[in-house]
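Taking it in order: structure first as structure tokens, then the write-up.
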Amino acid sequence: MAEVKVPELAESISEGSIAQWLKQPGDHVEKGEYVLELETDKVNVEIISDYTGTLSEHLAEEGDTVQVGQAIAIVDENGSAAAAPKAEAPKVEEAKAEPAKAEQAAPAKEAPKAEAKEASFTQQVIASPAARKLAREKGIDLTQVPVADPLGRVRVQDVEAASNAPAAPAAAPKQAPAAKKAAAPVEVNDDRIEVVKMTRRRQTIAKRLVQVQSEAAMLTTFNEVDLSAVMELRSRHKDSFVKTNDVKLGFMSFFTKAVIGALKKYPLLNAEIQGDHILKKNFYDIGVAVSTDEGLVVPVVRDADRKSFAEIEKNISDLAVKARNNKLGLSDLSGGTFTITNGGTFGSLLSTPILNAPQVGILGMHTIKTRPIAVGDQIENRPMMYLALSYDHRIVDGKEAVGFLVAIKDMLEDPEQLLLQG
């Protein structure tokens, strides 16, 4: 018998909920074949079997919460014969004898596998793949590793520090936790009230939004930008741009370039807090918030500073399509150094965006409104947009935050600067 386990998915994912079993007990499975769909905090992933045989048992049901490393199904590698045509009647006695022999041999075969199981189960620990690998090599229980990360993530340096610490008395092996059963439904006595269970992703969004507001010293500053120059530039080049690049010239590429230029001037907004340290990131992976039916997701445009306007537009368009079709992979969502969210697509005039932890800055775009603006001694109608920057005041001061937003305003009102600074 072989166990199908929840694999390591990403650094920040330690558990998931079983959304759907794709294989039922008695079904034949091939190595590499999908057996279930797992809903995680970020994306839905399909889990494969590492063995060929017959799926003999589900160890968790749909809706149950399971941990990384937890066994969720049993595959009988000798059960492939069960899928084959049954033997003729005269051979029944012989067929009955064979399982008896198999049962006698089973304990001998399973003994080495039992010895190979880890003495402790670290699936509840949030750790980087590199940290998990190092812990396995050094035989370290991740649940016993002290961490400095405020979010509780175990890093490679934590494992190395634990390996150099004096050896502690061996603890008794822990048993693998059973799958958490889905919570009992809420009961109401009013038929006018419809009770709808939140999806795992919506629960995670709710939890993290509350968490970031309680952990970060979040503050928002505002400004407005005149988009006349950007709109005139788009108008002049939109046809040739589409013909050359097979993608429309939107606003997001301009804002992404402006954000990168401002991040280069104010690098603390591209940083992250870990304990009492600041991680300054010298790369620009820009997250772009996308609204889907299941909630907001933030896929990442990698190395955006090295991409052209056309490459940024294509990248954002592709990620948005994948997000709405629920096809985003973990690699599309992991990381990110700064986020842009555009409430203007829904008509929002002004808002205060919430940080996408562990990032310390997020830019909020809003709807464009034509308003009378004083230009010199004249009053002119101009396409104006309010901008909002939410930031973590623990490491970003008001001076830097305001300067960052003014830098974005200046570059968008003089788009030629984007070619030099973005």
Side-chain angles (χ1 to χ4, degrees), residues 220-266 269 286-291 296 301 304-305 307-317 319-320 338-353 361-391 401-422:
T220 305
T221 186
F222 303 93
N223 212 318
E224 62 179 353
V225 57
D226 181 352
L227 292 174
S228 299
V230 169
M231 296 183 77
E232 192 274 332
L233 187 61
R234 289 180 69 233
S235 179
R236 279 193 291 119
H237 295 284
K238 63 180 181 179
D239 293 335
S240 60
F241 190 88
V242 171
K243 185 176 180 180
T244 303
N245 302 293
D246 196 30
V247 67
K248 291 182 178 180
L249 178 59
F251 287 102
M252 286 305 300
S253 53
F254 286 93
F255 277 85
T256 301
K257 287 288 186 181
V259 161
I260 294 167
L263 288 174
K264 290 179 178 179
K265 286 185 175 181
Y266 300 95
L269 279 149
I286 306 301
V288 179
V290 178
S291 178
L296 196 70
V301 179
D305 57 316
K307 287 181 166 65
S308 65
F309 279 75
E311 288 172 327
I312 291 173
E313 292 290 352
K314 286 180 180 178
N315 205 166
I316 292 175
S317 177
L319 290 170
F338 187 92
T339 294
I340 302 174
T341 181
N342 185 6
T345 57
F346 307 106
S348 173
L349 183 64
L350 193 62
S351 66
T352 54
I362 180 171
L363 177 72
M365 299 168 54
H366 300 91
T367 191
I368 301 172
K369 290 289 187 182
T370 301
R371 301 202 311 271
I373 298 295
V375 181
D377 295 332
Q378 304 294 322
I379 300 295
E380 298 182 12
N381 289 328
R382 295 290 182 96
M384 305 297 294
M385 177 191 286
Y386 288 117
L387 300 178
L389 172 71
S390 293
Y391 60 97
V402 172
F404 178 88
L405 210 48
V406 169
I408 290 176
K409 169 185 170 70
D410 291 344
M411 282 183 275
L412 290 171
E413 291 182 345
D414 182 9
E416 290 181 0
Q417 292 188 50
L418 298 178
L419 300 176
L420 302 175
Q421 301 186 51

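No donor-acceptor pair closer than 3.5 Å links the side chain of T244 to the backbone N or O of F241. In this structure a side-chain-to-backbone donor-acceptor pair under 3.5 Å is missing from S235 to M231. Of the possible donor and acceptor atoms, one in the side chain of D226 sits under 3.5 Å from a partner among the backbone N and O of S228.
In terms of the side chain to side chain donor-acceptor pair (under 3.5 Å) criterion, residue partners of S390 (sequence neighbours excluded) are, by chain and number, T220. With sequence neighbours excluded, no residue forms a side chain to side chain donor-acceptor pair (under 3.5 Å) with N315. Under the salt bridge (Lys or Arg N to Asp or Glu O under 4.0 Å) criterion, R234 pairs with no residue at all, not counting sequence neighbours. Partners of F404 according to the ring pair (Phe, Tyr, Trp, His ring centres under 6.0 Å) rule, which considers only residues two or more places apart in sequence or in another chain, are F338. Residues that satisfy the ring pair (Phe, Tyr, Trp, His ring centres under 6.0 Å) test with F309, not counting sequence neighbours, are F254. Scored by the side chain to side chain contact (heavy atoms under 4.5 Å, CB included) test, S291 finds L296, F346 as partners (sequence neighbours excluded). Partners of E232 according to the side chain to side chain contact (heavy atoms under 4.5 Å, CB included) rule, which considers only residues two or more places apart in sequence or in another chain, are R236. In this structure E311 satisfies the salt bridge (Lys or Arg N to Asp or Glu O under 4.0 Å) test with no other residue, sequence neighbours excluded. Contacts of E313 classified as salt bridge (Lys or Arg N to Asp or Glu O under 4.0 Å), with partners at least two apart in sequence or in another chain: none.
Shortest non-hydrogen contact noted between P415 and L233 is CB-CD2, 4.0 Å. Closest non-hydrogen pair, I286 versus A304, comes out as CG1-CB, 3.9 Å. When all heavy atoms are compared, the tightest approach of N245 to K314 is O-CE, 2.8 Å. Across all their heavy atoms, I379 and P372 have their closest contact at CG2-CB, 3.8 Å. The minimum heavy-atom distance between F255 and L412, with the atom names listed, is CE2-CD1, 3.4 Å.
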Given side chain to side chain contact (heavy atoms under 4.5 Å, CB included), test V301 with T256 step by step and report yes or no. CA-CA 10 Å; V301 179; T256 301; 5.7 Å; no
Could you go through the side chain to side chain contact (heavy atoms under 4.5 Å, CB included) check for T352 and F222 one step at a time? CA-CA 9 Å; T352 54; F222 303 93; 3.6 Å; yes
Chi angles and distances behind the side chain to side chain contact (heavy atoms under 4.5 Å, CB included) call for L405, L363: CA-CA 9 Å; L405 210 48; L363 177 72; 3.6 Å; yes
Apply side chain to side chain contact (heavy atoms under 4.5 Å, CB included) to the pair I368 and M384, showing each step before the final yes or no. CA-CA 5 Å; I368 301 172; M384 305 297 294; over 6 Å; no
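Counting heavy atoms from C-beta outward, I408 and L387 have side chains that approach closer than 4.5 Å. At a threshold of 4.5 Å between non-hydrogen side-chain atoms, the residues I362 and T341 count as touching. Under the 4.5 Å side-chain criterion, counting only non-hydrogen atoms from C-beta, M365 is in contact with M385. In this structure, M252 and I312 have side chains that are not in contact, with every pair of non-hydrogen atoms separated by 4.5 Å or more. Looking at R371 and E224, their side chains come closer than 4.5 Å, going by heavy atoms from C-beta outward.
For residues 401-410, every residue pair satisfying the salt bridge (charged side-chain N to carboxylate O under 4.0 Å, His left out) rule, not counting sequence neighbours, is listed here: K409-E413. Counting only residues at least two apart or in different chains, side chain to side chain donor-acceptor pair (under 3.5 Å) contacts with residues 361-370 comprise S351-H366. Legend: salt bridge (charged side-chain N to carboxylate O under 4.0 Å, His left out) pairs involving residues 237-248, not counting sequence neighbours: none detected.
The OG atom of S253 lies 7.0 Å from the CD1 atom of I316; values are rounded to the nearest 0.5 Å.
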